[in-house]
Amino acid sequence: MSKTAMNPTQEWKRSDHQHYMHPFTDTRELGEKGGARIITRADGVYIYDSEGHKILDGMAGLWCVSLGYGRQELVDAATRQMQELPYYNSFFQCTHPPAIELSTLLSELSPGNFNHVFFTGSGSEANDTQIRLIRRYWDLLGQPQKMTIIARKNAYHGSTLGGASLGGMSAMHEQMVLPVPGIEHIEQPYHFGLGGDMSPAEFGLQQARLLEEKINEVGADKVAAFIGEPVQGAGGVIIPPDTYWPEIQRICDEYGILLVADEVITAFGRLGEWFGSTRFGIRPDLISFAKGVSSGYLPLGGSLVGDRVAEVVIANGGEFAHGYTYSGHPAACAVALETLRILQREKIVERVKQHTAPYFNRRWAELAEHPVIGEARSVGLVGALEIVQDKSSRARFHKDLGAGTRCRDICVNNGLVMRAVGDTMIVSPPLIVEDAHIDELVEKAWKCLDLTAASLEAAA
Ligand SMILES: *Cc1c(COP(=O)(O)O)cnc(C)c1O
């Protein structure tokens, strides 16, 4: 037997480096550091690599594997649908049962003013669709000059040109001459990073009022919509103060602009509600979803279209010149339908709200006691840790020390996936985590923070 057949890891790593261009990755650096970890299987809340390491998945894949790995019902739903009808489109006056049933169930689960769904293959495409809907809406109302969309710095709305333009990631803008015209950004409600000595309540109001300033700067007659994630995910689990969203809502209402909630992460139980908007008292006109809707087992996203927009664009707007080959893909819809039915049947959203999240929030808060942690915040089942050199001044470690990525690497080598956003560590475990998994997550995080602190000290 050849060496390769016995342990293909080295062979895979070589081919991976030579041929596979990874998303958001410095390929050369990855190769120099020994290549990528190869994940070969997963079960429940654990993933396993090609060398047999068992790792607690604190990120639910990429925020999406809400029901954990190995759910046979989801595999069966995909298999049945692929045998029956693996693909058909719904462009030319055709439709199929999975898309009908899923759009109906989503309309039932979403807030009362939502009754229509436009399907996409991803969250990025969902947000591109929102741009199309927003501009179409104002155009049909005879106000085509109302086309500016206001978004936030450090927001993440995807990686297509539209999604990356709405997003506020400067590194993405720099590489592509973005945003596209008609998109403006205001500062984010990041209290730990920007709040200074202000109380969270005061700071929340101040950051929300930046929207009003921006509307007046652009001209109220030119502003079409505001888009935000109820809790910023990829930006570092930025949880706005409770004063923030009600003030944003007031401003949107007062100026009559559309409010878009990007719920790609926050929908379907992540914050202990079916929609994160409910948790924060947001009354959106459009909602973007993806990720958890199918538990990540197959790609699916979409826009929930509220009645205000549907009345204009759907009921009276003629043909909406927009669509994707995989809009309403039957197998993806079948898996999403089964995901939502499992969430209902097993009362997982209620359990997250009443039990899992409160337990996680309490245990996560203990990490604030660690000497290198300046803040440990969480809401629902998302959490963040701010790594600092000095707790009272919130001073960071020197940038060249790469405290965040150092901690991330230590975590994965010690059996825990925790993601780094700069020097902010973030988690978003599967919704089905049990107390013992949360204990393991917090205990491993503490131990890895000890190791990170020691490693930073040695490197300084
Ligand atoms: C992940 C994400 C997206 C993009 O979704 P993709 O499926 O990766 O295109 C958009 N918005 C938010 C809030 C996200 O977290």
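Each ligand, and each atom within it, is numbered from 1 in the order the structure gives.
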Original post:
Checking Trp364 side chain against Arg377 main chain: does a donor-acceptor pair fall under 3.5 Å?
Top reply: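 The answer is yes, because a donor-acceptor pair under 3.5 Å joins these two groups.
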**OP:** Measure from the side-chain N and O atoms of His185 to the backbone N and O of Leu166, and report whether any donor-acceptor pair falls under 3.5 Å.
**Re:**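 Answer holds: yes.
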Subject >> is_close_aromatic(Phe118, His116), centroid dist under 6.0 Å >> reply: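 Phe118 vs His116: aromatic centres not under 6.0 Å.
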Original post:
Is the centre of the His191 ring less than 6.0 Å from the centre of the Phe203 ring?
Top reply: yes
Subject >> Ser122 and ligand 1 - part of the residue with a heavy-atom distance under 4.0 Å >> reply: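 Both backbone and side chain.
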Under 3.5 Å between any N/O of [X] and any N/O of ligand 1: does that happen in this structure?
{"X": "Glu229", "result": "no"}
{"X": "Trp63", "result": "no"}
{"X": "His157", "result": "no"}

Original post:
When you check the side-chain N and O atoms of Glu229 and Thr266, is any donor under 3.5 Å from an acceptor?
Top reply: no
**OP:** Go through the side-chain N and O atoms of Tyr190 and Gln207 and say whether any donor and acceptor fall under 3.5 Å apart.
**Re:**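 Result is no, nothing qualifies.
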Subject >> Salt bridge flag under 4.0 Å for residues Arg132 and Glu125 >> reply: no
Out of all atoms in ligand 1, which are within 4.0 Å of some heavy atom of [X]? Include the element for each.
{"X": "Asn127", "answer": "10 (C), 11 (N)"}
{"X": "Asp262", "answer": "10 (C), 11 (N), 12 (C), 13 (C)"}
{"X": "Gly123", "answer": "4 (C), 5 (O), 6 (P), 7 (O), 9 (O)"}
{"X": "Ser124", "answer": "4 (C), 5 (O), 6 (P), 9 (O)"}
{"X": "Val264", "answer": "1 (C), 2 (C), 3 (C), 10 (C), 11 (N), 12 (C), 13 (C), 14 (C)"}
{"X": "Ile265", "answer": "15 (O)"}

Subject >> Results of side chain to side chain contact (heavy atoms under 4.5 Å, CB included) for Glu273 - residues two or more places apart only >> reply: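 Result, side chain to side chain contact (heavy atoms under 4.5 Å, CB included) vs Glu273: Thr278, Arg279, Lys353.
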**OP:** Determine, using heavy atoms of Lys291 and all atoms of ligand 1, whether some pair is separated by less than 4.0 Å.
**Re:** yes
